[in-house]
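Here the structure is a predicted model, which means the values were calculated and not measured.
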Amino acid sequence: MHERFCLNAATIKTTALDRQIELARQAGFRHIGLWSKDVDAAMAGGQSLAEIKAHLDCSGLSVA
């Protein structure tokens, strides 16, 4: 696990938010740095903040 590091989502910025979260989890990160434009795009696509938070929680990720 990458306890001391945070995945900056800018490194995978062309990827949808759900996939960013999944990739961070699969790579063993505990933290992810999200971009507001990606959160806004997910919400425009029908996700609520509560759903995004639940996905993060289920993935074991916190937002840095």
Side-chain angles (χ1 to χ4, degrees):
M1 293 290 180
H2 304 291
E3 296 289 336
R4 296 181 55 201
F5 297 100
C6 169
L7 177 67
N8 182 339
T11 61
I12 51 176
K13 65 182 174 183
T14 59
T15 307
L17 183 64
D18 283 341
R19 185 72 177 134
Q20 291 177 15
I21 293 169
E22 187 59 24
L23 290 170
R25 184 197 64 78
Q26 288 175 357
F29 285 92
R30 297 285 188 166
H31 315 285
I32 185 169
L34 299 178
W35 290 72
S36 59
K37 68 174 186 63
D38 295 331
V39 174
D40 291 343
M43 292 176 64
Q47 289 187 0
S48 69
L49 282 176
E51 290 169 325
I52 294 168
K53 171 87 167 85
H55 190 185
L56 288 161
D57 291 344
C58 287
S59 298
L61 292 168
S62 65
V63 177

Side-chain contact test, heavy atoms from C-beta onward, threshold under 4.5 Å: evaluate it for N8 versus I32 and give yes or no.
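SC-SC contact between N8 and I32 ruled out.
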Does the side chain of T15 come within less than 4.5 Å of D38's, by heavy atoms?
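D38 does not reach T15 side chain to side chain.
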Just to verify, what does Q47 make a side-chain hydrogen bond (donor to acceptor under 3.5 Å, both in side chains) with, not counting sequence neighbours?
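So Q47 forms a side-chain hydrogen bond (donor to acceptor under 3.5 Å, both in side chains) with D18.
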To check you understand the geometry: which heavy-atom pair defines the closest contact between [X] and [Y], and what is its length?
| X | Y | answer |
| --- | --- | --- |
| H31 | L61 | N-CD2, 3.8 Å |
| F29 | F5 | CD2-O, 3.8 Å |
| C6 | A64 | SG-CB, 3.4 Å |
| Q20 | A9 | OE1-CB, 3.2 Å |
| S59 | R25 | O-CG, 3.4 Å |

Using 0.5 Å steps for rounding, measure from the [atom1] atom of [X] to the [atom2] atom of [Y].
| X | Y | atom1 | atom2 | value |
| --- | --- | --- | --- | --- |
| L7 | R30 | CG | CZ | 14.5 Å |
| I52 | D57 | CD1 | CG | 12.0 Å |
| L34 | I21 | CG | CD1 | 6.0 Å |

Run the side-chain hydrogen bond (donor to acceptor under 3.5 Å, both in side chains) test on D40 and W35 for me, step by step, so that the C-alpha distance in whole Å, both residues' side-chain angles and the decisive distance to 0.1 Å come before the verdict.
CA-CA 9 Å; D40 291 343; W35 290 72; over 6 Å; no
Checking E22 against R19 for the salt bridge (charged side-chain N to carboxylate O under 4.0 Å, His left out) test, could you report, in this order, the C-alpha distance in whole Å, the side-chain angles of both residues, the deciding distance, and whether it holds?
CA-CA 5 Å; E22 187 59 24; R19 185 72 177 134; 5.7 Å; no
